[in-house]
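Here is the structure we will look at, set down as structure tokens.
Protein chains get the first letters and strands the later ones, always in sequence-line order, with residue 1 at the start of each.
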Number of protein chains: 2
Amino acid sequence: MILTVTLNTAVDITYRVRSLRPHTSHRITEVTERPGGKGLNVARVLAALGHRVTVTGFAGGATGRSLREQLTGSPGLVDALVPVSGPTRRTIAVVDTTTGDTTQLNEPGPQTTPAEWAAFQETYEHLLRSASAVALCGSLPPGVPVGAYAGLIRAARATAVPVLLDTSGEPLRRGVAARPDIVKPNADELAELTGSHEPLQATRDARRRGAHAVVASLGDQGLLAHTPEGLWRATPPRRVHGNPTGAGDSVVAGLLSGLVEHLPWPERLARAAALATATVLAPVAGEFDREAYEELLGRVPVMVGQPV
Amino acid sequence: MILTVTLNTAVDITYRVRSLRPHTSHRITEVTERPGGKGLNVARVLAALGHRVTVTGFAGGATGRSLREQLTGSPGLVDALVPVSGPTRRTIAVVDTTTGDTTQLNEPGPQTTPAEWAAFQETYEHLLRSASAVALCGSLPPGVPVGAYAGLIRAARATAVPVLLDTSGEPLRRGVAARPDIVKPNADELAELTGSHEPLQATRDARRRGAHAVVASLGDQGLLAHTPEGLWRATPPRRVHGNPTGAGDSVVAGLLSGLVEHLPWPERLARAAALATATVLAPVAGEFDREAYEELLGRVPVMVGQPV
């Protein structure tokens with residue numbers, strides 16, 4: 001199975017309001033709610049691609065219970081979340097139906113104790129034994145040490161399980177130094193890590209810092225992959241309009257599924273780019289349009305470059 | 001016991017953010033959560049005044065379960081909420097810590113079926129038998145008939161239980177016609193009901209429409225009571241700054257506790273006005289500052305008027 005880790009799981013709530021005006025009162029016309037946090041999104045896409053997936057991380061409080069109940073209804077996912085005493089965070093996306101713009105409100109996540117962190121590590125090391133690959137995704141809840149991902153990467157490497165890291169800031173910086181197989185920063189995360197806004201130079205620098213392969217997700221400009229096997233760029237076959245939420249998580253699912261299926265890099269990248277585009281096209285944030293995915297898959301241009 | 005009815009209970013969530021800017025992403029610095037809906041707020045104040053209180057209305061879903069768990073910790077309150085299949089709504093107050101302003105996002109509440117509404121009415125009629133007074137508070141969830149409060153008022157009157165109504169719009173209009181003992185509109189609700197922005201005339205008109213007594217809560221201008229026993233105005237003893245959320249609910253608690261204690265109207269109004277001011281002064285929305293309340297209680301000017 002593929003293991004995805006979401007230390008800061010979330011209940012993702014979307015509110016539709018007619019027009020968001022600060023300091024006034026709003027009647028919400030539509031509420032949707034789903035289990036969230038990057039690793040859970042990745043897991044859902046992997047399951048939809050036919051992979052067996054186990055999800056771990058923390059869940060707690062009434063929100064955590066609600067999240068786990070909703071996970072029960074997700075086919076192909078095994079829930080191996082670890083209980084935490086604090087409540088799982090909510091994220092609120094307020095969609096202004098007049099402008100189409102979204103305002104995001106993110107709770108910080110549960111305060112996590114050293115004992116809870118130790119319990120998680122034990123569960124993680126147990127799960128690694130039957131994992132074909134692992135994805136470490138998203139932010140850390142308060143109380144989890146900033147070097148958490150570095151430790152989890154070392155544990156995966158010690159058991160020879162390929163590990164992908166998708167996070168930002170200091171947890172990314174420390175994680176990269178622990179030599180993960182793949183990191184998948186977006187343009188901002190890559191620039192923050194390396195100090196360079198030039199993707200070719202920045203992905204090379206991220207490899208120098210420890211990552212074996214770097215796949216940068218650059219929005220409309222597609223994916224730039226700097227790997228031991230070569231340099232590639234996968235471009236979206238067409239410009240699409242829609243909701244980009246979850247597109248990065250679909251890239252992770254594409255890369256990870258391609259890895260465990262032993263696909264060559266160009267095919268992994270084509271799959272990841274097609275999934276990301278199909279995610280932007282889906283009406284519900286974080287899901288992908290399967291028909292669009294299958295149609296796009298054969299039409300992603302992947303160009304090979306000279307390593308610089 | 002005193003019975004309070006909250007058909008559209010809520011989990012009231014308060015978020016503090018540094019500065020709310022539409023179409024950007026915000027990290028919430030502080031989250032607080034408490035059981036809400038006007039009738040639950042009224043019940044908490046009544047319990048703090050030493051009364052035995054039973055709360056009923058609807059609760060459902062993960063939010064309803066969380067609300068009921070939090071109620072368990074409220075001393076003096078008996079939970080007689082009726083299960084509903086849809087989820088209890090959330091209300092989100094986003095406090096901008098830079099300006100102090102609040103932006104409100106209110107979910108609509110659970111879709112309620114005729115069978116659920118019938119189950120509620122049965123519970124209500126059972127509870128009425130041991131009630132000394134009943135307060136009907138707040139909005140109606142989707143699916144509950146707009147004449148709901150009128151029916152509940154007639155049931156209370158049939159069992160000779162004094163009934164107070166605190167709602168707005170069409171449910172208020174229909175409820176007033178069913179001849180409740182007291183209605184407590186604010187200035188906007190009163191103007192919407194009667195078409196008059198002149199409180200003396202509007203309270204008189206609201207009595208003509210069926211209410212035995214009308215107590216209008218007019219913010220800084222205090223309370224105006226038009227009753228069969230006379231006309232009074234209770235003025236806040238001093239201007240205060242703070243959070244007015246829940247001040248109207250404290251007025252209801254003051255009026256209802258005064259009613260069951262058989263206090264004369266001027267004392268009921270003094271208590272209600274002192275509680276409202278002490279609620280504005282409390283740091284947590286919907287709670288009251290007990291020390292301030294006791295100090296203010298003897299200093300509320302209540303003037304008697306000539307009925308017009």
Side-chain angles (χ1 to χ4, degrees), chain A residues 8 10-11 13-35 59-70 72 86-96 98-111 139 142 168-169 188 245, chain B residues 8 10-11 13-35 59-70 72 86-96 98-111 139 142 168-169 188 245:
Chain A
N8 213 359
V11 173
I13 299 168
T14 303
Y15 287 156
R16 295 174 75 81
V17 300
R18 219 145 299 158
S19 175
L20 181 65
R21 290 187 303 137
H23 318 145
T24 68
S25 195
H26 304 79
R27 199 177 287 245
I28 296 157
T29 54
E30 195 189 314
V31 181
T32 56
E33 189 174 322
R34 47 181 271 151
T63 39
R65 206 166 42 196
S66 162
L67 178 141
R68 297 185 81 160
E69 279 172 10
Q70 290 174 65
T72 309
T88 292
R89 72 197 169 115
R90 286 169 287 228
T91 75
I92 314 252
V94 185
V95 179
D96 184 320
T98 310
T99 65
D101 287 313
T102 297
T103 306
Q104 191 72 36
L105 297 161
N106 296 327
E107 294 188 8
Q111 187 65 44
S139 63
S168 60
D188 289 345
T245 306
Chain B
N8 213 359
V11 173
I13 299 168
T14 303
Y15 287 155
R16 296 174 75 82
V17 299
R18 221 148 296 159
S19 176
L20 180 66
R21 290 187 304 137
H23 317 146
T24 68
S25 194
H26 304 79
R27 199 176 287 246
I28 296 158
T29 55
E30 196 189 311
V31 181
T32 57
E33 189 173 322
R34 45 180 274 148
T63 40
R65 206 166 43 193
S66 161
L67 178 141
R68 297 185 81 159
E69 279 172 10
Q70 289 175 64
T72 309
T88 292
R89 72 196 168 117
R90 287 169 287 228
T91 75
I92 312 251
V94 185
V95 179
D96 183 321
T98 310
T99 65
D101 288 311
T102 298
T103 305
Q104 191 74 37
L105 297 162
N106 297 326
E107 295 187 8
Q111 187 66 43
S139 63
S168 59
D188 289 344
T245 306

If the contact rule is any heavy atom under 4.5 Å from chain B, which residues of residues 59-68 of chain A qualify, in numerical order?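 Residues in range: A:Ala62, A:Arg65, A:Ser66.
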On a heavy-atom basis, which atom in B:Arg90 and which in A:Ile13 lie closest, and how many Å separate them?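 It is NH1-CD1, 3.3 Å.
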Distance-minimising heavy-atom pair for B:Asp101 and A:His23: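 That closest heavy-atom pairing would be CB-CD2, 3.0 Å.
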Could you work out, with side-chain hydrogen bond (donor to acceptor under 3.5 Å, both in side chains) as the rule, every residue matching A:Thr102, not counting sequence neighbours?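 Here no residue qualifies.
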Output all residues satisfying side-chain hydrogen bond (donor to acceptor under 3.5 Å, both in side chains) with A:Ser168, sequence neighbours left out; order by chain, then residue number.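 With sequence neighbours excluded, A:Ser168 shows a side-chain hydrogen bond (donor to acceptor under 3.5 Å, both in side chains) to no residue whatsoever.
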Residues of residues 25-33 of chain B within contact distance of chain A, non-hydrogen under 4.5 Å: B:Ser25, B:His26, B:Arg27, B:Ile28, B:Val31, B:Glu33
I need the residue from A:Ile92, A:Leu20, A:Asn106 with the largest number of non-hydrogen atom pairs under 4.5 Å to chain B.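 Answer, by heavy-atom pair count under 4.5 Å with chain B: A:Asn106.
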Report which part of [X] has an atom under 4.5 Å of a heavy atom belonging to chain B: side chain, backbone, both, or neither.
| X | answer |
| --- | --- |
| A:Arg89 | neither |
| A:Val94 | side chain |
| A:Thr99 | side chain |

Pair count under 4.5 Å, heavy atoms only, with chain A: among B:Thr24, B:Val17, B:Val95, highest is B:Thr24
